[in-house]
Amino acid sequence: MSPSRRNRTGMVVLAGALAAVLPLFACGGVGAAGGGAALTIMGFGFPDEIATTRADAFRKAHPEVRLTVNQGQFDEQAFLSAVASGNPPDVVYLDRQLIGTYAARGAIQPLDDCVAEEGIPMSDFYPAAQQQVKLNGRWYGVPEFYTSIILLVNDKAAKDAGVDPASIDTSDWDALAALAGKMNKVSGGRIERFGFYPKLPEFLPLWAKANGADLLSADGKTSRLDDPKVAEALDYANGLLDDQGGWTKLKAFTDTFDYFGEKNPITEDQIGMMLTEHFLVTSLASTSPDAKITVLPFKDRQGNPITMVGGNGWVIPKGARHPDVACQWIKTMTSADTWIAAAKARAAKRAQEGKPYPGTFTANAKADREIFSQIVKPSGHTPYDDATTTITGVQDKGFVVPQSAAAAEFRTAWIDAATRVMQGRQDAKAALSQAHQEAAKALRAAAG
């Protein structure tokens, strides 16, 4: 599974979904019997010490609260069903890109009172993350992790191509395409190494930004998918796929990758270089601490480092039974002190295992300053120590597709357009022209 898919759950929003949702809520545990307040959480789990340390902090501060956690990724249909039936969870963990659509349709509550009454310091969060949880001047969520996009290079593939990995420069598109071809390895018509994975369709906004274009106006109301620079960027990135064997073959190849296991595409020499979320690097630090990698910033065509920001956030659904308790949970899970405690737990575990700890990258800039100045230390694994420097170096250069009342529908329009191009069904200009019309219609409807 592509690493970015972990942040794409629930991206497709069917037209009129809020009016046509099923009457049953798929997740159990709402309103459990017994004394004290109950808090039902959706879309979250406890896979590691980062989650459990923060949840334990809440339990310690609020021992009277009984937690019911419906573990697993956010389930859009279950969520909408619960809201429509009047029996929603109290707090939900979901991709920040969805917030605008749910806010505009009344599925989630504004959090201005929560932020004010609990004293949640929203100014502590990175500006790009703040943008993703705000619509029409109101807070609708609080951001959690802060995912940055970087270039991950397999040093062996670079050296096979006669290139110093540290010298790779994504601002030179001609040289980048030539290097992708050199890194690509095909034997007997079978792909053995994908030279350069540009991560379409998911990273189209990054390619467009590198080419000087935005997909959406800053106020989130006007589609710019018809900008010729967006088409040029899509045409270039898709050309990389075509030159390396075409998307159909490449997708079949990447679908076999074990991204987060010991036999990942770096250790198996299945990838030359790829654009990826930074959390793939932190995963490699655990599964492959001795991997020979180089992590570089992605640069625009003028040579300036840029990154596209993503991540999940916490929201409170319409009709939540315990919004005050939910607000307390949100504050605890995203506070600087709680993040710092979680980072200490992760650092201690990695030290015990003898593995590098590249850091925990949160949306809370105050927490990150403490984590990376006091907790993250040189590990002796130079590639990962250098990776930390690269990732922290691009965090303040992050951008997002502006939040809008048709956020999910807008995303669907450009994702589908890029997919049609990759599949050879349309050229970039035609696909984006169609997407622009679809997006404009959705944005008008949302504004109305």
Side-chain angles (χ1 to χ4, degrees), residues 3-4 6-7 50 54 95-97 121-134 141-153 166 170-171 199 202-203 205-207 209-210 214 218 274-285 293-300 302-314 333-340 342-344 346-347 356-379 383-403:
S4 64
R6 289 167 49 153
N7 286 331
I50 298 296
R54 292 179 297 136
D95 192 308
R96 297 196 291 264
Q97 294 177 96
M122 297 303 291
S123 61
D124 284 354
F125 297 91
Y126 290 102
Q130 292 184 43
Q131 285 181 261
Q132 289 188 304
V133 296
K134 204 168 191 179
V142 178
E144 235 210 17
F145 288 102
Y146 190 81
T147 303
S148 301
I149 308 304
I150 45 80
L151 181 71
L152 173 62
V153 181
T170 57
S171 68
K199 288 302 294 293
E202 301 96 327
F203 292 176
L206 184 62
W207 285 106
K209 192 76 167 179
D214 292 302
M274 66 184 295
L275 290 176
T276 185
E277 297 90 343
H278 79 265
F279 56 69
L280 180 56
V281 177
T282 58
S283 173
L284 287 172
I293 60 170
T294 298
V295 175
L296 301 170
F298 182 74
K299 296 180 180 180
D300 65 20
Q302 284 68 51
N304 304 305
I306 57 171
T307 190
M308 184 169 71
V309 172
N312 280 20
W314 293 101
M333 295 298 285
T334 61
S335 75
D337 288 346
T338 315
W339 275 122
I340 290 165
K344 288 179 178 177
R346 170 61 59 84
Y357 171 53
T360 299
F361 300 85
T362 83
N364 190 315
K366 180 179 179 181
D368 277 10
R369 285 192 291 272
E370 176 74 13
I371 290 169
F372 292 100
S373 65
Q374 301 298 322
I375 301 172
V376 177
K377 302 296 183 183
S379 66
Y384 292 104
D385 293 341
D386 291 346
T388 295
T389 300
T390 296
I391 297 167
T392 56
V394 300
Q395 285 182 305
D396 64 351
K397 299 172 177 61
F399 77 94
V400 296
V401 175
Q403 194 59 265

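All values below come from the heavy atoms of this structure, side chains included, with hydrogens, waters and symmetry mates left out. Keep in mind the model is a prediction, meaning the values are calculated, not measured.
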What one should report as the nearest heavy-atom pair of A363 and A129 is CB-CB, 4.0 Å

* Could you walk me through whether V133 and R96 pass the side chain to side chain contact (heavy atoms under 4.5 Å, CB included) check? -> CA-CA 6 Å; V133 296; R96 297 196 291 264; 3.7 Å; yes

Across all chains, not counting sequence neighbours, the side chain to side chain donor-acceptor pair (under 3.5 Å) partners of Q395 are Y126, D368

D386 meets the side chain to side chain donor-acceptor pair (under 3.5 Å) criterion, sequence neighbours left out, with none

Applying side chain to side chain contact (heavy atoms under 4.5 Å, CB included) to K344 and not counting sequence neighbours gives I340, I375

Residues at least two apart in sequence or cross-chain that pass side chain to side chain donor-acceptor pair (under 3.5 Å) with N304, listed by chain then number, are D300

By salt bridge (charged side-chain N to carboxylate O under 4.0 Å, His left out), K209 pairs with (sequence neighbours left out) D214

For the side chain of R54 and the backbone of I50, is there at least one donor-acceptor N/O pair under 3.5 Å apart? yes

Taken in chain and number order and not counting sequence neighbours, the residues that satisfy side chain to side chain donor-acceptor pair (under 3.5 Å) with S379 are D385

Report yes if some heavy atom in the side chain of M274 is under 4.5 Å from a heavy atom in the side chain of L280; otherwise report no.
yes

Could you check E202 against E277 for side chain to side chain contact (heavy atoms under 4.5 Å, CB included), going step by step and ending with a plain yes or no? CA-CA 11 Å; E202 301 96 327; E277 297 90 343; over 6 Å; no

Contacts of P205 meeting side chain to side chain contact (heavy atoms under 4.5 Å, CB included) (sequence neighbours excluded), chain-then-number -> L215, M308, F399, V401, W414

Quick one, V142 and M122 - any side-chain contact, counting heavy atoms below 4.5 Å?
yes

P297 meets the side chain to side chain contact (heavy atoms under 4.5 Å, CB included) criterion, sequence neighbours left out, with K299, P305, T390, V394

Between the NZ atom in K397 and the OG atom in S148, the distance rounded to the nearest 0.5 Å is 11.0 Å

Q. How are the rings of W207 and F298 set to each other: parallel, tilted or perpendicular (split at 30° and 60°)?
A. perpendicular

Correct closest heavy-atom pair for A128 and V309 would be CB-CG2, 4.1 Å

Nearest heavy-atom approach of I293 to P383 is O-CB, 3.4 Å

Is there a donor-acceptor pair closer than 3.5 Å between any side-chain N or O of Y146 and the backbone N or O of A365?
no

Checklist line | Within-4.5 Å side-chain heavy-atom neighbours: F125 and N364 | finding: yes

When every non-hydrogen atom of K377 is compared with those of Q374, the smallest separation belongs to CE-O, 3.1 Å

inquiry  = Do P143 and Q132 have side chains that approach each other closer than 4.5 Å (heavy atoms only, starting at C-beta)?
reply    = no

dist T307:OG1 -> L206:CG (nearest 0.5 Å) comes out at 6.5 Å

Hits for ring-ring contact (aromatic ring centres under 6.0 Å, His included) against W339, two or more places apart or cross-chain, chain-then-number order -> F145

Minimal heavy-atom distance between V281 and I150, with the atoms involved, is CG2-CD1, 3.9 Å

With side chain to side chain contact (heavy atoms under 4.5 Å, CB included) as the criterion, how do I371 and Y357 come out once you've worked through the C-alpha distance, each side chain's angles and the decisive distance to 0.1 Å? CA-CA 11 Å; I371 290 169; Y357 171 53; 4.2 Å; yes

Checklist entry - Tell me, do L275 and L151 make a side-chain contact under 4.5 Å, heavy atoms counted? => result yes

Is the closest side-chain heavy-atom distance between F361 and T392 below 4.5 Å? yes

